[in-house]
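Accompanying notes for the structure given below.
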Amino acid sequence: MTEETIRDSELDPDFKFKIAKTYEGKTVLWCVQCGMCTSDCPYSEVWDVKPHQVIKMVLLGMRDQAISCQSIWQCSTCFMCAERCPQGVELGRVMFALKNIAAKEKGVPEGYRRFGQQVIETGRAMEITASREKERERLGLPKTLTDSKSIKSLLKKLKLDKLLKDKGGKKQ
Ligand code: SF4
Ligand code: SF4
């Protein structure tokens, strides 16, 4: 994490309570900053802001830093941190609480926006190519089915399309 001087006036002391009120962030106040989550996170080595530091930012009221850091988007939701946390903090879910705010205020980073757009348009997270379908046929597997209509209507209800609108999200 790069060094930065932060003034008291830049902190939001209620931020942790706002996060704790969300479904995803309800465990955030239980953190005692032991660092176990970071020691087991498969990506923490390469993250500028480590998992326990993301939580620390929330607890200290560093709202802007917490919703601006790349770690919240790079988290793979593997939940290894939650497995290891002695306090039962669901750190991977807290990341969602932060992402939800970041998406509304700063926009979704370009790579994730494109990915989300593909799910909205095709109903799939991955493109199923004709050759893959052929391979399934050769192996005696049924055709891949996607009820894209119901997926699309579900995503519309969740307003994912609005959330993904370009607000100048950072390139990833
Ligand atoms: S393991 Fe749990 S208590 Fe320890 S720093 Fe991580 S989130 Fe906080
Ligand atoms: S859920 Fe995210 S923060 Fe937790 S261990 Fe996995 S990648 Fe790391």
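What you are looking at is a predicted structure, and each value in this text was computed from that prediction instead of being measured. Atoms within a ligand are numbered from 1 in the order they appear, just like the ligands themselves.
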**Fill in**
Quick note on ligand 1: atoms under 4.0 Å from a heavy atom of His52 include exactly 5 (S)
**Prompt:** At what distance is the nearest protein heavy atom to atom 4 (Fe) of ligand 1, and which residue and atom is it?
**Reply:** Cys34 SG, 2.3 Å
**Atoms in ligand 2 flagged as close to Thr77, the criterion being non-hydrogen separation under 4.0 Å** = 1 (S)
**Request:** Identify, for atom 2 (Fe) of ligand 1, the protein heavy atom at the shortest distance, and state residue, atom and that distance.
**Result:** Cys85 SG, 2.3 Å
**Request:** Might you point out which heavy atoms bring Cys81 and Gly92 nearest each other, and give the distance in Å?
**Result:** SG-N, 3.7 Å
**Item:** Least distance between heavy atoms, Ala102 atom then Ile67 atom
**Value:** CB-O, 3.4 Å
**Item:** Glu135 with Arg138: basic N within carboxylate O range, under 4.0 Å
**Value:** yes
**Message:** So, 4.0 Å and heavy atoms of Gln33: is ligand 1 close enough to count as a contact?
**Reply:** yes
**Request:** Inspect the surroundings of CZ in Arg136 and state if more than 12 heavy atoms from other residues, nucleotides or ligands are less than 6.0 Å away.
**Result:** yes
**Fill in**
heavy-atom search around atom 1 (S) of ligand 2 in the protein gives Phe79 N, 3.2 Å
**Asked** If you draw the axis of the six-membered ring of Phe15, does the NZ or CZ of Lys18 fall within 45° of it and under 6.0 Å from the ring centre?
**Response** no
**Asked** Does Gln33 reach the main-chain N or O of His52 with its side chain, forming a donor-acceptor pair under 3.5 Å?
**Response** yes
**Request:** Below 4.0 angstrom from a heavy atom of Gly35, which ligand 1 atoms are there? Numbered from 1 as shown, please.
**Result:** 4 (Fe), 5 (S)
**Request:** Supply the members, apart from Leu141, of the Ile/Leu/Val/Met/Phe/Trp/Tyr cluster built from side-chain contacts under 4.5 Å; use none for a lone residue.
**Result:** Leu139
**Other residues, nucleotides, ligands: >12 heavy atoms within 6.0 Å of Glu83 CD** = no
**Asked** Does Lys106 come within less than 4.0 Å of Asp64, counting only side-chain N to carboxylate O?
**Response** yes
**Item:** Check: Tyr43 side chain, Gln74 main-chain N or O, donor-acceptor pair, under 3.5 Å
**Value:** no
**Contact atoms of ligand 1, heavy-atom distance to Gln87 under 4.0 Å** = 3 (S)
**Request:** Check atom 8 (Fe) of ligand 2 and write out every protein N, O or S atom at under 2.8 Å, as residue and atom.
**Result:** Cys41 SG
**Message:** How far is atom 3 (S) of ligand 1 from the closest protein heavy atom, and which atom is that?
**Reply:** Val32 N, 3.4 Å
**Asked** Among protein heavy atoms, which sits nearest to atom 8 (Fe) of ligand 1, and what does the distance come to when rounded to 0.1 Å?
**Response** Cys31 SG, 2.4 Å
**Complete:** In short, Arg93 meets Phe79 closest at the heavy-atom pair N-CE2, 3.9 Å
